[in-house]
Amino acid sequence: MEITFKGTTVQLEGSELKVGDQAPAFALENLAGKQITTDSLKGKVTIISVFPKINTRVCDQQTRRFNEMASTIEGVRLISISKNDKDELSDWCAAEGLDMEMLVDDGSFGKAFGVYMPEIDLLARSVFVLDETGLLGYKEILPEAGGPEPNYEAAVEAAKDLV
């Protein structure tokens, strides 16, 4: 699949997932050093918010907005994933006064979910919603990774429908 990043066409690496597919296996560390896996997400509906770089306007807005919206839904968890390092994500959370589940991708998540941009070593802006068994109930991969923002309402409604 091809998308653009700041006007340049980039190829996404990995398999393209379809709604109804089982979420691919991944294992990433959160900011506390705990390993989060596909299996550890089972049992609760999960919104996965994926963004290229936290210290940019659209990524900042995406992360804040999903945090605000998801925190009000009983039975739904939010995780945010990027290629930023732990210090960048920790510093952003501290500056914003937020305690969120942020995961650092080593490339394995991006490739497994088909959102890795190898030419620039970033993840495409995207959203995935998994049901409590790990099935993909919603996905959005934005055609321009640098913006616009994802369809928050559609993702949140999909998550609510799965609870």
Compare every heavy atom of [Y] with every heavy atom of [X], then report the nearest pair and how far apart it is.
X: Asp105; Y: Gly110; value: OD2-N, 3.0 Å
X: Ser82; Y: Pro52; value: CB-O, 4.1 Å
X: Gly146; Y: Phe5; value: N-CD1, 3.8 Å
X: Glu74; Y: Val163; value: O-CG1, 3.8 Å
X: Met100; Y: Ser80; value: CE-OG, 3.6 Å
X: Gly134; Y: Lys42; value: N-CG, 4.3 Å

For residues [X] and [Y]: do they belong to one hydrophobic cluster (side chain heavy atoms under 4.5 Å, members Ile, Leu, Val, Met, Phe, Trp, Tyr)?
X: Trp92; Y: Leu31; value: yes
X: Phe66; Y: Leu41; value: no
X: Met1; Y: Leu142; value: no
X: Leu78; Y: Val76; value: yes
X: Ile73; Y: Leu98; value: yes

Ion pair Arg65/Glu153, N-O distance below 4.0 Å: yes
Glu101 bridged to Lys34 by N-O distance under 4.0 Å: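 Here Glu101 does not pair with Lys34 in a salt bridge, since their nearest N and O are not under 4.0 Å apart.
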Distance from [X] atom [atom1] to [Y] atom [atom2], nearest 0.5 Å?
X: Lys139; Y: Ile141; atom1: NZ; atom2: CD1; value: 4.5 Å
X: Glu157; Y: Leu162; atom1: CD; atom2: CG; value: 11.0 Å
X: Asp91; Y: Ile54; atom1: CG; atom2: CD1; value: 11.5 Å
X: Asp87; Y: Asp85; atom1: CG; atom2: CG; value: 5.0 Å
X: Leu12; Y: Glu119; atom1: CG; atom2: CD; value: 8.5 Å

Summary of side chain to side chain donor-acceptor pair (under 3.5 Å) pairs that have at least one residue in residues 19-29, sequence neighbours excluded: Glu29-Lys86
Any [X] side-chain heavy atom under 4.5 Å of [Y] side chain:
X: Asp60; Y: Glu96; result: yes
X: Tyr152; Y: Ile47; result: no
X: Phe109; Y: Ile48; result: yes
X: Leu103; Y: Phe26; result: yes
X: Lys18; Y: Leu136; result: no
X: Met102; Y: Thr63; result: yes
X: Met117; Y: Ile3; result: yes
X: Gln11; Y: Glu2; result: yes

Look at the side chain of [X] and the backbone N and O of [Y], then say whether any donor-acceptor pair between them is shorter than 3.5 Å.
X: Thr38; Y: Pro24; answer: yes
X: Asn67; Y: Ala70; answer: no
X: Gln61; Y: Glu149; answer: no
X: Glu144; Y: Lys6; answer: yes

Return all side-chain donor-acceptor pairs below 3.5 angstrom for residues 120-130, not counting sequence neighbours, or 'none' if the list is empty.
{"from": "Asp121", "atom 1": "OD1", "to": "Lys83", "atom 2": "NZ", "distance (Å)": "3.1"}
{"from": "Asp121", "atom 1": "OD1", "to": "Tyr116", "atom 2": "OH", "distance (Å)": "2.6"}
{"from": "Arg125", "atom 1": "NE", "to": "Ala145", "atom 2": "O", "distance (Å)": "3.2"}
{"from": "Arg125", "atom 1": "NH1", "to": "Gln62", "atom 2": "OE1", "distance (Å)": "2.7"}
{"from": "Arg125", "atom 1": "NH2", "to": "Ala145", "atom 2": "O", "distance (Å)": "3.0"}
{"from": "Ser126", "atom 1": "OG", "to": "Ala124", "atom 2": "O", "distance (Å)": "3.0"}

Worked verdict on Thr37 versus Asp39 for side-chain hydrogen bond (donor to acceptor under 3.5 Å, both in side chains): CA-CA 5 Å; Thr37 67; Asp39 285 341; 5.3 Å; no
More than 12 heavy atoms of other groups within 6.0 Å of Asp99 CG: no
